[in-house]
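Take a look at the structure below.
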Protein chains: 2
Amino acid sequence: MFSKTCEHAIKAIIFVTKQTLEGKRASLKTIAFGIESPEAYTAKILQLLVKNEFIFSIKGAAGGFETDLNKMKKLSLMRVVEVFDGDSIANRCVLGLKTCSSRNPCPFHDKYAPVRARLVCILENTSIMDLALGLIAGKTSLKE
Amino acid sequence: MFSKTCEHAIKAIIFVTKQTLEGKRASLKTIAFGIESPEAYTAKILQLLVKNEFIFSIKGAAGGFETDLNKMKKLSLMRVVEVFDGDSIANRCVLGLKTCSSRNPCPFHDKYAPVRARLVCILENTSIMDLALGLIAGKTSLKE
DNA sequence: GTTAAATCGGACAAAAATATCCGATTTAAT
DNA sequence: ATTAAATCGGATATTTTTGTCCGATTTAAC
């Protein structure tokens, strides 16, 4: 559903938010270990999260990454997904047709449309904070 | 959602079913043109469809591909997807965790589970014949 | 100021997915 | 039997995605 890059990004921002909630600054190493993703690749993804102002970084000794908790309450999963995977979740035809729409639908369009609408709705109404809180509560996990 | 290979496969089997409904045998060329997919790649995919007994091929001059219409009434989209993409649609964790399940969920698992269940239900209850009939009725399209 | 821990950014590498090529084989039509 | 249209199957090529490397830069701590 999401690209691997997007998966890493989602896990990373949830992890950093969790750390911030716990009063800890998260280093690249800690993050990569915490979400079981390759360190170098994770570094690249964190840079993108910083560039998009989803998280911020502190350079120098004892530096790392943090989030703005109030921002995370408002930031939807949808916004993060859009940055990494564009609008493919919401718009791309499941059979790959360029011009597929309700006016010119592919054979599966009408059956899939309500599922997609529901998915988009959930993505828009789920905040990163929601996901981080579930993690802190021990109800969910980012690792095997 | 589906791999490109799976997309081509779905379009191909719908197209062949439409042709069979119209009393025409479909050649590779006709199919590739009709679903706007690369000819050589489509040939490969048709072979897989044949091997899985979703369609059958007639060799020699004036040969091509056909489907068993009664079979297409019963064949669900889900079965086709499973052959090409495995059970990833129904089971793979959206964040890529190996052991994600309702017992050990990733942060998004519980929110996504009902959407996935609905999707699987629709895939299982949509037959290839359903999709081919929509195409014949001119309500849907396989090309831009 | 020096040091060391950390991010930053661009080039590069590996792996997976997508797609092509081409000769071999089959077989319907004549 | 011959021909020609078509599938079959394995090797290969291209493209995209995923992931790595490494030197440059920043900056907090001492």
Side-chain angles (χ1 to χ4, degrees), chain A residues 1-13 15-16 19 24-67 81 83-86 88-89 92 95-96, chain B residues 1-13 15-16 19 24-67 81 83-86 88-89 92 95-96:
Chain A
M1 180 157 77
F2 306 134
S3 69
K4 213 80 187 136
T5 302
C6 187
E7 288 178 10
H8 291 323
I10 293 168
K11 287 187 283 187
I13 192 170
F15 184 84
V16 175
Q19 294 283 99
K24 301 176 202 162
R25 182 171 295 167
S27 71
L28 167 59
K29 262 201 179 83
T30 310
I31 298 166
F33 180 78
I35 68 176
E36 285 182 339
S37 68
E39 200 172 308
Y41 197 27
T42 305
K44 278 279 134 63
I45 291 165
L46 288 168
Q47 285 178 40
L48 286 170
L49 286 170
V50 169
K51 187 162 286 176
N52 282 279
E53 300 181 357
F54 290 150
I55 68 179
F56 54 92
S57 70
I58 297 95
K59 291 184 177 178
F65 299 87
E66 291 181 1
T67 62
V81 170
V83 161
F84 287 89
D85 287 351
S88 66
I89 282 274
R92 186 182 179 284
L95 297 186
Chain B
M1 179 157 79
F2 306 133
S3 68
K4 213 83 189 131
T5 302
C6 187
E7 288 179 10
H8 291 325
I10 293 168
K11 287 187 283 188
I13 191 169
F15 184 84
V16 175
Q19 294 284 97
K24 301 174 201 161
R25 183 171 295 166
S27 72
L28 166 60
K29 262 201 178 80
T30 310
I31 297 167
F33 180 79
I35 68 176
E36 285 181 341
S37 67
E39 199 171 309
Y41 197 29
T42 306
K44 279 279 134 61
I45 291 165
L46 287 168
Q47 285 178 41
L48 286 171
L49 286 169
V50 169
K51 188 162 284 176
N52 282 279
E53 299 181 358
F54 291 150
I55 67 179
F56 53 92
S57 71
I58 298 95
K59 289 184 179 179
F65 299 88
E66 290 180 2
T67 61
V81 170
V83 162
F84 287 88
D85 287 349
S88 65
I89 282 273
R92 187 181 179 284
L95 297 186

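Please read all numbers here as calculations on a predicted model, not as lab measurements. Residue numbering restarts at 1 for every chain, and letters A, B, ... go by the order of the sequence lines.
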* Asked: Should B/F84 and B/I10 be marked as a side-chain contact (heavy atoms from CB on, under 4.5 Å) after you check the CA-CA gap, both sets of side-chain angles, and the distance that decides it?
  -> CA-CA 10 Å; B/F84 287 88; B/I10 293 168; over 6 Å; no
* To do: Enumerate the residues from residues 51-62 of chain A whose closest heavy atom to DNA chain D is under 4.0 Å, giving them by residue number; use none for an empty result.
  => A/K59, A/G60, A/A61
* More 5' along DNA chain D: B/G64 or A/T42, using each one's nearest nucleotide? -> B/G64
* So do B/H8 and B/T42 actually touch side chain to side chain, heavy atoms under 4.5 Å? -> no
* So among A/I13, A/T30, A/L46, which one has a side-chain contact (heavy atoms from CB on, under 4.5 Å) with A/F65? -> A/L46
* To do: Tell me which of B/G63 and A/K44 sits closer to the 5' end of DNA chain C, going by the nucleotide each one is nearest to.
  => A/K44
Please produce a list of atom pairs where a protein N or O lies less than 3.5 Å from an N or O of nucleotides 14-18 of chain D.
from: D/dT18; atom 1: OP1; to: A/K4; atom 2: N; distance (Å): 3.0

* 5' to 3' contact window, DNA chain C with chain B (heavy-atom distance under 4.0 Å) -> C/dT18 to C/dA28
* Structure fact -> With sequence neighbours left out, the residues meeting side-chain hydrogen bond (donor to acceptor under 3.5 Å, both in side chains) with A/E66 are A/R25
* To do: Identify the heavy atoms of B/I31 and B/A12 that sit nearest to each other, and give their distance.
  => CG2-CB, 4.2 Å
* To do: Measure across A/Q19 and A/A26 and return the closest heavy-atom pair with its distance rounded to 0.1 Å.
  => CG-CB, 3.9 Å
* Asked: Which pair of heavy atoms, one from A/C6 and one from A/D85, lies closest together, and at what distance?
  -> CB-OD2, 3.4 Å
Throw together a table of side-chain donor-acceptor distances under 3.5 angstrom for residues 49-58 of chain B, partners on residues two or more places apart or in other chains.
from: B/N52; atom 1: ND2; to: B/L48; atom 2: O; distance (Å): 2.9

* Asked: Which part of the nucleic acid does A/L46 contact within heavy-atom distance under 4.0 Å: base, sugar-phosphate only, or nothing?
  -> nothing
* Structure fact -> B/T5 meets the side-chain hydrogen bond (donor to acceptor under 3.5 Å, both in side chains) criterion, sequence neighbours left out, with B/Y41
* Minimal non-hydrogen separation, A/I89 against A/M1, with atom names -> CD1-CG, 3.5 Å
* To do: Please work out if A/K29 contacts a base, only the sugar-phosphate, or nothing of the nucleic acid, heavy-atom cut-off 4.0 Å.
  => nothing
